[in-house]
**Student:** 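Take this structure first; my questions come after.
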Amino acid sequence: MSRTARKFVQVTKFLLAGVTIFCVSWMACVNEWHSGVRWKEHRNVQENLSTMRTIVGYSAGKQAELDRPSPEACSRLPAFPKVPFLNRTWSRGIQDSIWQRVKGTSVSLYSAYYDERTPQRYIRVLAAFHGRNISTEKSLFCQTRSIDANNYSVEVVAAKPLEIWWTEWDNSSSDVETPVLLSCPLTEPLTESSIISIVTEPCDDPSNGFYIRKIRLSLQYERTFTICVKDLKFQNDISQKLVEWIETNKLLGAEKIDMYIDSLSKESEDVLLRYRSQGYVRLFQIPIKYKNERSLWQRRRDHIISYNDCLYRNIIESKYIVPLDIDEILLPKIAYTWSGLLRRLKYKGWNSNQYSAILVRNVFFFDFMQGIHSYKPSKHTNETRIYIKRDDVRIGKEQNLVLKEIELIDDTSYFKYNLNDDYDKINYGSECDKDLPIPKLASHIVSSAVISPTGHYSKSFMLTKRVLTAFNHYPLASLGTAGIAGWSAPFNEVQINHYKDSCNTTVVTECELYARRARVDRSALRLRKPLIKAIALAICSKLNTV
């Protein structure tokens, strides 16, 4: 081989080696990028996720590179903070929910948790600030130190703020308290219990502090499903409703329920205390700073803190959290339990490595609709479309809107169901000494014919290993993913049964649309036989022991 040919071969080898090294390095970077945390939010629809994934991975990775902390150096040791004793557990007669102030700002701190779900470890601090834009506040810094006052090392890094809110939801005044997540990146994983404080200057003496206890993630969660219930405030006795709702969720597969208590009747408190003594329910104080004269949008902001406190309380305990209200049942339509539902959804496209939540569509069951099916069609009536005169039905008293008729939409097959039986009461015979109303899951079989679109009044199974911030309907931000990152479950598999007395336009802006047409809900008909007795006997048993 000539000298020129040998030189050409050598150059070619060097070029191939260089290309190989470049490709391997690029693939490693992409893998690292995907493990990072995205701080800036984008609202992408689900269909765009597949085409955006590479770009999202890159931007998340670059942000994760920026989140790797560069500790600040201090010429003096900040003073050891005074850490208050914080008991978040609810007890009868106690309503004090302690917040800690960041001196020199409007920022108040509620709770702090250690987060090792990603290779970059963080301490997450739930907080609120006065206003609508956190960038108007001073820069914030995290001071992390050992609980041992004789240990003179303090790590100081910049805090990363993320508003837990979408500003386009409301155009209210700036006189609001907005929830925010402060993330403190750590140079090393925690190996001992520590204290976290938030300050405006790196070396300031702190005016606040939280104990952070090191708890390592186990290979398995303690449970699969935990329900999160936002601030309960009912003056009337809802004890029977609570028992029915809790027992229904137990049958469906919920293993624990975390509830935040504002105010309840003594009878309702007794029920929850009974469940707490059995280890099934945990009760917490409400994380509200100012209770008087709160606007609707301020109450919704306050609820955000409850949901995210529930999320971070469960990131090492529960695989999923399920934010629900006590007038909602997340109902599988083919499977009989949530575990069975998830096994089915794996074959329908659910991928826990790609999405952070399973979105479930909402169905309204209004009380005023439930008598419609008892009307008999006349021989002159088209049985496929039955029009029921209802002059007394109103949508929201403040709107004073009278409905002239409700249209019941179904085919003739619905007449094969014995819908005219008296289900108002059920007798428990020797097993119970009282008659109780039949559970709503069985008695309410007529729903609005309008099914809420995905994302409207939806609820979801949220995967705790992937959710960064939570809303009561879906995740607001997820780890290493842009947008909601939710997967919409097929409607023929699952729905949210949403039970309401009537339709209030303050809550449901499209009331007239939802209330004018009704349908017989076949999932309720199918499930009432196997569930009705179990739920009813549980209600009887619990109410007799309270």
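In this chain, residues are counted from 1 in sequence order.
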**Student:** Looking at Arg282 and Glu317, is any side-chain nitrogen of the basic one under 4.0 Å from a carboxylate oxygen of the acidic one?
**Tutor:** yes

**Student:** Could you tell me whether a side-chain N or O of Gln285 sits under 3.5 Å from a main-chain N or O of Asn87, the two making a donor and an acceptor?
**Tutor:** yes

**Student:** Ion pair present between Arg294 and Asp302, side-chain N to carboxylate O less than 4.0 angstrom?
**Tutor:** yes

**Student:** State whether Phe284 and Arg313 meet the cation-pi test: NZ (Lys) or CZ (Arg) under 6.0 Å from the six-membered ring centroid, and within 45° of the perpendicular axis.
**Tutor:** yes

**Student:** How about Trp99 and Tyr110: are their ring centres within less than 6.0 Å of each other?
**Tutor:** yes

**Student:** For Phe491, does the six-membered ring have the charged nitrogen or CZ of Lys333 within the cation-pi criterion, i.e. under 6.0 angstrom from the centroid and within 45° of the normal?
**Tutor:** yes

**Student:** Considering non-hydrogen atoms only, spot the tightest contact between Gln495 and Asn497 and give its length.
**Tutor:** NE2-OD1, 2.6 Å

**Student:** Centroid-to-centroid, Tyr260 to Trp90, below 6.0 Å?
**Tutor:** no

**Student:** Do Arg301 and Trp165 form a cation-pi contact, if we require the NZ or CZ to be under 6.0 Å from the six-membered ring centre and within 45 degrees of the ring's axis?
**Tutor:** yes

**Student:** Using a strict threshold of under 4.0 Å (side-chain N to carboxylate O), is an ion pair present between Lys500 and Asp325?
**Tutor:** no

**Student:** With salt bridge (Lys or Arg N to Asp or Glu O under 4.0 Å) as the test, would you mind laying out the steps for Lys266 and Asp270 before giving the verdict?
**Tutor:** CA-CA 6 Å; Lys266 182 181 183 302; Asp270 288 341; 3.1 Å; yes

**Student:** Is any side-chain heavy atom of Lys440 less than 4.5 Å from a side-chain heavy atom of Glu244?
**Tutor:** yes

**Student:** Mind checking whether Glu269 and Ser265 have side chains closer than 4.5 Å, heavy atoms only?
**Tutor:** no

**Student:** Look at the rings of Tyr457 and His473 and say which category their plane angle falls in: under 30° parallel, 30 to 60° tilted, over 60° perpendicular.
**Tutor:** perpendicular

**Student:** May I ask you to decide if the ring planes of Tyr499 and Phe365 are parallel, tilted or perpendicular, using 30° and 60° as cut-offs?
**Tutor:** tilted

**Student:** Between Asn362 and Lys459, is any pair of side-chain heavy atoms under 4.5 Å apart?
**Tutor:** no

**Student:** Would you mind reporting whether Leu109 and Leu126 have side-chain heavy atoms less than 4.5 Å apart?
**Tutor:** no

**Student:** Is any side-chain heavy atom of Leu463 closer than 4.5 Å to one of Ile358?
**Tutor:** no

**Student:** Hey, can you tell me if Phe364 and Phe366 have their rings parallel, tilted or perpendicular (30° and 60° cut-offs)?
**Tutor:** parallel

**Student:** Check this for me: does any side-chain nitrogen of one of Asp258 and Lys230 sit under 4.0 Å from a carboxylate oxygen of the other?
**Tutor:** no

